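Report on the structure given below.
Remember, it's a predicted structure, so these values are computed and weren't measured experimentally. Heavy atoms only: backbone and side chains are in, while hydrogens, waters and symmetry mates are out. Numbering starts at 1 and runs along the sequence shown.
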Amino acid sequence: MLLLLIAALTASVASLTEEEELRLEEEIKNAIWTPLVENTLDELTRLDKSTKQFNAHATCGFSVHTDLSDYETAKQKCENSTWIGFPTPGGRKLASIHSELENKIATLMLQYAYGGSDELEGKRYEGASNWAWIGLEKVNRTEARPDGAGKLVWGEEDWIWTDGTTLDPNSYENWMSRKKSDEQIQPDMWRVGDDHQTAARIFRKIKEGESSGIWDDTFKSKPHPFICKFNIPVHYIVFPELKKWHDAKADCERRGFYFAKIRNKAENDLLVEAIKRVYNGDRHDKKFHHENWIWVGATDLKNSGEFEFYDGEPIKFSIPWARKQHDNKKTKKQGTQDYAAVSRWGEWDDSYGNDWNRPYACQCNPHGVAINKEMEEANAAWEKEVERRNAVKNKQKEEKAAKKKARKEARQAKKEAR
């Protein structure tokens with residue numbers, strides 16, 4: 001929808017006046033930034049239920065930490081996956097920022113961590129909380145400023161992100177520049193004693209004309225808040241604690257998450273990956289051992305045999321039920337099997353949610369994951385395979401019915417022949 005809106009807004013740009021072009025730019029910016037800001041603040045507010053007590057705030061992909069640390073300590077804290085109230089199984093690193101969207105998120109998070117304001121602590125360079133460490137440092141030519149260097153000391157190839165990527169002419173960058181001329185003036189690799197400025201930080205206040213925080217280089221010894229980036233963005237989180245279905249749903253919400261919804265085969269595969277990160281691919285020998293199955297947010301309480309998500313949202317893909325499931329068994333003690341669980345290997349089962357204790361899955365983003373081409377192909381291949389299986393089953397039923405009919409006719413013919 002966003003791309004369609006932008007395309008519609010820019011379709012006739014050639015015929016616009018300068019004033020109309022400026023208004024169009026503002027409309028495009030709002031179309032991009034407004035939902036980003038809303039989603040980021042929603043995630044921060046929700047996940048505070050898990051993170052705030054650990055001096056951290058988080059979204060589904062980043063965390064910001066207010067315990068002031070020097071650069072190397074901040075880097076270690078991210079990489080050691082300092083506990084933030086929920087697991088990030090792929091680990092974290094001091095944030096690598098590769099787009100204006102990510103820079104906007106980092107700026108919003110830093111502002112949120114300090115009361116949602118860009119009001120500075122003293123002057124620009126005085127307050128430690130005015131800046132936050134990001135994962136960019138100068139690793140080449142760090143011993144001395146070049147002779148005769150002016151304000152700018154700059155070589156993109158000298159700077160490397162914590163994810164291993166090196167700056168190049170095509171990289172996203174947001175270094176500080178002069179207000180009037182827009183001339184880049186950082187990094188300047190300033191020297192005090194034997195120490196040089198070789199690490200990057202992001203500014204909490206958004207300058208006029210900018211959409212997110214500018215960057216500056218500074219000394220690694222300075223104490224600042226810091227921003228970590230998840231190596232694998234959190235979508236599904238599997239908790240190994242054993243709970244009943246309703247208790248699992250309540251615990252997801254208590255933590256600031258949602259009970260897991262699986263809307264297509266690609267997301268089903270993502271859940272299996274999340275399960276493997278917790279259980280390392282292990283499984284109990286007995287197929288229906290409770291710890292082999294993970295509660296998810298689907299039920300057929302409303303209409304027996306018709307599974308939907310807990311809030312009434314319909315399930316629109318072919319559920320990969322385990323063999324002979326869902327069977328909707330019923331017992332006097334346990335009631336009916338009205339609640340869905342997904343196995344460690346990706347099959348579904350209907351189960352006694354009021355009686356059985358199992359691990360459970362929560363999700364961070366309620367809207368699901370963005371589907372790429374590979375996922376689309378996986379979804380299409382799955383639905384095609386389901387059609388093939390159904391066709392085989394129908395053919396087998398028809399052949400069975402035909403054989404039964406032929407036997408009946410043969411018996412009848414034999415009876416009449418007597």
Side-chain angles (χ1 to χ4, degrees), residues 40 43-44 46-99 101-103 105-106 108-110 112-113 132-137 139 159-167 172 199-202 220 224-241 252 255-257 260 266-267 269-282 294 344 359-365 369-370 372:
T40 300
E43 290 176 11
L44 286 165
R46 281 192 291 108
L47 297 185
D48 264 358
K49 295 176 182 178
S50 289
T51 64
K52 195 172 183 179
Q53 60 183 308
F54 301 103
N55 295 323
H57 307 276
T59 65
C60 303
F62 295 85
S63 59
V64 58
H65 302 256
T66 55
D67 49 320
L68 303 182
S69 305
D70 61 67
Y71 180 85
E72 293 296 339
T73 301
K75 191 161 70 168
Q76 290 173 9
K77 287 179 178 179
C78 287
E79 293 176 0
N80 292 338
S81 295
T82 303
W83 183 246
I84 59 172
F86 63 87
T88 53
R92 305 192 296 273
K93 289 183 178 179
L94 203 56
S96 299
I97 297 175
H98 297 300
S99 68
L101 288 174
E102 289 188 332
N103 207 61
I105 291 171
L108 288 170
M109 292 183 70
L110 182 57
Y112 182 89
W133 291 122
I134 54 177
L136 181 63
E137 61 182 297
V139 297
W159 290 81
I160 295 181
W161 289 106
T162 51
D163 66 5
T165 56
T166 303
L167 289 185
Y172 170 77
R201 58 185 180 177
I202 187 172
K220 287 186 174 183
H224 286 307
F226 56 97
I227 299 170
C228 305
K229 184 179 182 180
F230 304 166
N231 295 334
I232 301 174
V234 171
H235 183 56
Y236 295 121
I237 298 182
V238 175
F239 291 97
E241 297 92 338
C252 287
R255 296 172 182 269
F257 296 104
E267 287 195 339
D269 294 342
L270 286 177
L271 176 59
V272 172
E273 291 177 13
I275 295 169
K276 287 179 178 177
R277 286 194 289 271
V278 174
Y279 293 105
N280 298 316
D282 297 332
I294 286 79
R344 296 191 190 187
Y360 55 101
C362 307
Q363 75 181 73
C364 189
N365 183 346
V369 297
N372 58 30

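Other residues, nucleotides and ligands contribute more than 12 heavy atoms inside 6.0 Å of the NZ atom of K220. Heavy-atom neighbours of K52 NZ from other residues, nucleotides or ligands within 6.0 Å: at or below the threshold of 12.
For the 3.5 Å distance criterion, the side chains of S63 and H65 qualify, holding a donor opposite an acceptor.
Remark: R255 fails to qualify as a cation-pi partner of F86 under the 6.0 Å distance and 45° angle criteria applied to the six-membered ring.
Taken to the nearest 0.5 Å, the CZ atom of F226 stands 9.5 Å off from the CG atom of L68. From Q363, atom CD reaches atom OH of Y236 across 5.5 Å, with rounding to the nearest 0.5 Å. Separating the OG1 atom in T51 from the CD1 atom in I84 is a distance of 7.0 Å, to the nearest 0.5 Å. Remark: L110 CG to I227 CD1 distance equals 5.5 Å, nearest 0.5 Å. To the nearest 0.5 Å, atom CH2 of residue W133 and atom OG of residue S69 are 10.5 Å apart. To the nearest 0.5 Å, the span separating OG1 on T166 from CG on L136 amounts to 10.0 Å.
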*Under the side-chain contact (heavy atoms from CB on, under 4.5 Å) criterion, do R277 and I232 qualify, and how do the steps go?*
CA-CA 11 Å; R277 286 194 289 271; I232 301 174; 3.9 Å; yes
*Quick one: do T59 and Y112 satisfy side-chain contact (heavy atoms from CB on, under 4.5 Å)? Show the steps, please.*
CA-CA 11 Å; T59 65; Y112 182 89; over 6 Å; no
*In sequence, state the C-alpha distance, the side-chain angles, and the governing distance for L94 and Y71, and then conclude on side-chain contact (heavy atoms from CB on, under 4.5 Å).*
CA-CA 9 Å; L94 203 56; Y71 180 85; 3.5 Å; yes
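Of the charged side-chain nitrogens involved, at least one lies within less than 4.0 Å of a carboxylate oxygen, so that K77 and D67 count as a salt-bridged pair. For K75 and E72, the salt-bridge test passes: some basic side-chain N is under 4.0 Å from an acidic carboxylate O.
Under the 4.5 Å side-chain criterion, counting only non-hydrogen atoms from C-beta, P87 is in contact with I237. Contact of the I97 side chain with the W161 side chain is registered, since non-hydrogen atoms from C-beta on lie closer than 4.5 Å. Inter-residue side-chain proximity for H57 and L47 is flagged as unmet; no heavy-atom pair is nearer than 4.5 Å. At least one side-chain heavy atom of I105 sits less than 4.5 Å from a side-chain heavy atom of F62. R92 is not listed as a side-chain neighbour of K229, based on a closest heavy-atom distance of 4.5 Å or more. Within the 4.5 Å cutoff, the side chain of N231 has no heavy atoms near those of the T88 side chain.
Ring-plane geometry between F257 and F239 is classed as tilted, the angle between the planes lying from 30 to 60 degrees on a 0 to 90 degree scale.
Nearest heavy atoms, E267 versus V369: OE2-N, 3.1 Å. The heavy-atom pair separating N365 from H235 by the smallest distance is O-CE1, 3.6 Å. The shortest heavy-atom contact between S96 and G135 is OG-O, 4.4 Å. Across every non-hydrogen atom of A56 and D48, the tightest pair is O-OD1, 4.2 Å. Considering every non-hydrogen atom in both A361 and C252, the closest pair reads O-SG, 3.8 Å.
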